[in-house]
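Note that the structure is a prediction, hence the values are computed from the model and not measured. Any value given below was found using the heavy atoms of this structure, including those in side chains, with hydrogens, waters and symmetry copies removed. Order of listing sets the numbers, starting from 1, for every ligand and every atom in it.
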Amino acid sequence: MYKYLDFKDAVSLSLEIAEITGIEEIVHIQDSLGRVLAQDISCIKNLPSFNNSAMDGFAIKATDAGKRLKVVKTILAGEDSAECLNENECYKIMTGAKVPDDADTIIPIEDVLEYKNDEVTIKQNVVKNSCLRFKGEEKALEDALFSKGEVVTSAMVAILASQGITMLCLYKKLNIAVVSTGNELKEPWERAGESEIYNCNSYAIISLLKEKGFDATYTGVVPDSLEKSISFVKGLESYDVIITTGGISMGDADFMAEAFESNGLNIAFHGVNIKPGRPIMMGKMQKTFVMCLPGNPLTAMVNMHLFSLPVLNKMQGSLSVFHDIDIAKNIKSFKTKAGRVNVVLGFYKNGEYRVTQDNKYGSGMITVLHVSNCILVTNESTASISEQESVKVIKFNCLYTKDKTDLFN
Ligand SMILES: Nc1nc2c(c(=O)[nH]1)N[C@H]1C(S)=C(S)[C@@H](COP(=O)(O)OP(=O)(O)OC[C@H]3O[C@@H](n4cnc5c(N)ncnc54)[C@H](O)[C@@H]3O)O[C@H]1N2
Ligand code: MOO
């Protein structure tokens, strides 16, 4: 195994070699949520599209404040009325209806002094242009709306639909293979003897990928044999990304590094000075990005958050690659081991961080992930985090940002 690489260098290196696949496809807005835009989009219909009323009431000239006016017409939303006001006249108008150019102010129905027999008495105090929404005041034609690389949200879908845009050019979803390794593994639907365990990593990783908007294909368990590992890996060449767990450390049955190297893997790094996650390996096999994560379930998931998701964000074409960290107050002191980067599980709520089980758990554990909702990363010189200290946390359901963030505590 190579010398353990510095955590920051490993993250930088992985992002350096991660390349966007750039393959585009046309998708309906209904299916675009969480996908990455492959086009810039600008305003093609003014928002709003015409001057309209923000209230049900009367459209008047502000200069008619204090007068009694004749209601000459009622304008409903969707109607296009020509201007027709003479002196001492006004329109009755509904919310969203187009305001003819000869009216400049809307008086809500509850604010008039009297409304009877098609006549309305307007109060003295009238503010010109009130309750009026002007054409293009929100966005005007050709204003920039979205940029290539933005992730589609429901708010964006609202804007797209408001523009009459139904089809979008998006980056095609990455083709991700998820692989488990190890003779000890049985699938959850099989029967595991006492010395065997159920494969939980593949299902956990695929679920996490789904949570983050990625799809993945589960390709099965590779047995602990170099020959079989080499040929299994060969069959995965068409994927954009391969994520494996297990078989990457120093044991007699750890064949992943050799199997990938035999298939032309260019190793970017193998071994990082971090706990958990030290044996992690990343590299490129021709165009395929390879992520070999350690087999311990907790380690595999933590590595997914720290290393894999930013790389996948970049490859998917998203501009928001980096973890959007939260700042929290640490409410229970705990120790970490200086000399390496530590990843510490915790629970974040209302601006407070509470360490999971006093930071005393093993990488092989599974249930500690469930009682945690975030991680915290300490730098190599940190040996403890005290109560009341301000800490940076990465929530499992964090957003991602364009700006490179400093994760260290
Ligand atoms: N001499 C050394 N031994 C180990 C080192 C080291 O530096 N020197 N590193 C340790 C660390 S840290 C880790 S993490 C593990 C990682 O080892 P591998 O990536 O080779 O993983 P395996 O040995 O195959 O498995 C580890 C552990 O995880 C279980 N496992 C594997 N796959 C799954 C799965 N799909 N679902 C559930 N559980 C899984 C496996 O049964 C093992 O218990 O190495 C240390 N050793
Ligand atoms: O990555 Mo291993 O813990 O760090 O168990």
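- Taking distance alone, with nitrogen or oxygen atoms compared against 3.5 Å, Ile248 approaches ligand 1 more closely than that limit.
- In the candidate list Ser249, Pro297, Gly295, Gly364, Gly295 is nearest to atom 30 (N) of ligand 1, counting heavy atoms.
- Those atoms of ligand 2 with a heavy atom of Pro276 less than 4.0 angstrom away are 1 (O), 3 (O), 4 (O).
- Taking the six-membered ring for Trp and the full ring otherwise, the centers of Phe58 and Tyr115 sit less than 6.0 Å from each other.
- Close contacts between ligand 1 and Ile197 involve ligand atoms 37 (C), 38 (N), 39 (C), 41 (O) [criterion: under 4.0 Å to a heavy atom].
- Remark: ligand 2 atoms within the under-4.0 Å shell around heavy atoms of Lys275 are 3 (O), 4 (O), 5 (O).
- Nearest protein heavy-atom neighbour of atom 2 (Mo) of ligand 2: Thr299 OG1, 3.7 Å.
- Proximity of Gly182 to ligand 1 is not established, as no heavy-atom distance is less than 4.0 Å.
- The closest side-chain donor-acceptor pair between Asp9 and Ser12, if any, does not fall under 3.5 angstrom.
- Taking a 4.0 Å cut-off on heavy atoms, Tyr4 registers as neighbouring ligand 1.
- Here is the list of ligand 1 atoms found below 4.0 Å of a heavy atom in Asp254: 20 (O), 23 (O).
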Candidate pair Tyr218 and Glu187, rule side-chain hydrogen bond (donor to acceptor under 3.5 Å, both in side chains), full reasoning: CA-CA 12 Å; Tyr218 174 50; Glu187 296 294 6; 2.3 Å; yes

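- Listed by number with element, the atoms of ligand 1 under 4.0 angstrom from any heavy atom of Tyr198 are 36 (N), 37 (C).
- Within the 4.5 Å cutoff, no side-chain heavy atoms of Tyr91 are placed close to those of Ser81.
- The single protein non-hydrogen atom nearest to atom 1 (O) of ligand 2 is Gly277 N, 2.4 Å, given as residue, atom name and distance.
- Against a heavy-atom cut-off of under 4.0 Å, Pro294 is close to the following atoms of ligand 1: 14 (S), 16 (C), 19 (O).
- No donor-acceptor contact under 3.5 angstrom links the side chains of Asp326 and Tyr353, judged on distance only.
- Using modelled atom types, one finds a donor on one side chain and an acceptor on the other under 3.5 Å when comparing Asn359 with Tyr361.
- Phe396 and His305 have parallel rings, their planes meeting at less than 30° on a 0 to 90° scale where 60° marks the start of perpendicular.
- Residues Asn52 and Arg133 have side chains that bring a donor and an acceptor to within less than 3.5 angstrom of each other.
- For the residue pair Thr95 and Ala54, the shortest heavy atom distance occurs at CG2-O, 3.7 Å.
- Of the heavy atoms in Pro279, only side-chain atoms (C-beta onward) come closer than 4.0 Å to ligand 1.
- Close approach to Ser180 involves these atoms of ligand 1, each under 4.0 Å from a residue heavy atom: 35 (N).
- Among the atoms of Asn296, some N or O lies under 3.5 angstrom from an N or O of ligand 1.
- Within the structure, ligand 2 has Pro279 among the residues with a heavy atom less than 4.0 angstrom away.
- Under 4.0 angstrom from ligand 1, the non-hydrogen atoms of Leu185 all belong to its side chain.
- Contact atoms of ligand 1 toward Arg278: 6 (C), 7 (O) (distance under 4.0 Å to a heavy atom of the residue).
- Heavy atoms from other residues, nucleotides or ligands lying under 6.0 Å from CD of Gln30 number 12 at most.
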Intermediate values then yes/no, side-chain hydrogen bond (donor to acceptor under 3.5 Å, both in side chains), Ser180 and Ser202: CA-CA 6 Å; Ser180 277; Ser202 297; 2.5 Å; yes

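- For the ligand labelled ligand 1, residue Pro276 lies outside the 4.0 Å heavy-atom shell.
- Distances below 4.0 Å separate heavy atoms of Arg278 from the following atoms of ligand 2: 1 (O), 4 (O).
- Each of the following atoms of ligand 1 lies closer than 4.0 Å to a heavy atom of Asn199: 34 (C), 35 (N), 36 (N).
- Looking from atom 3 (O) of ligand 2 to the surrounding protein, the closest heavy atom is Ser363 OG, 2.5 Å.
- In this structure, the side chain of Asn330 does not engage the main chain of Val355 through any donor-acceptor pair within 3.5 Å.
- Using a 4.5 Å cut-off on side-chain heavy atoms (C-beta onward), Val126 and Ile107 make contact.
- Near Met250, with a cut-off below 4.0 Å to any heavy atom, the atoms of ligand 1 are 8 (N).
- Between Ile176 and Leu209, the shortest heavy-atom distance links the atoms CG2-CD1, 4.2 Å.
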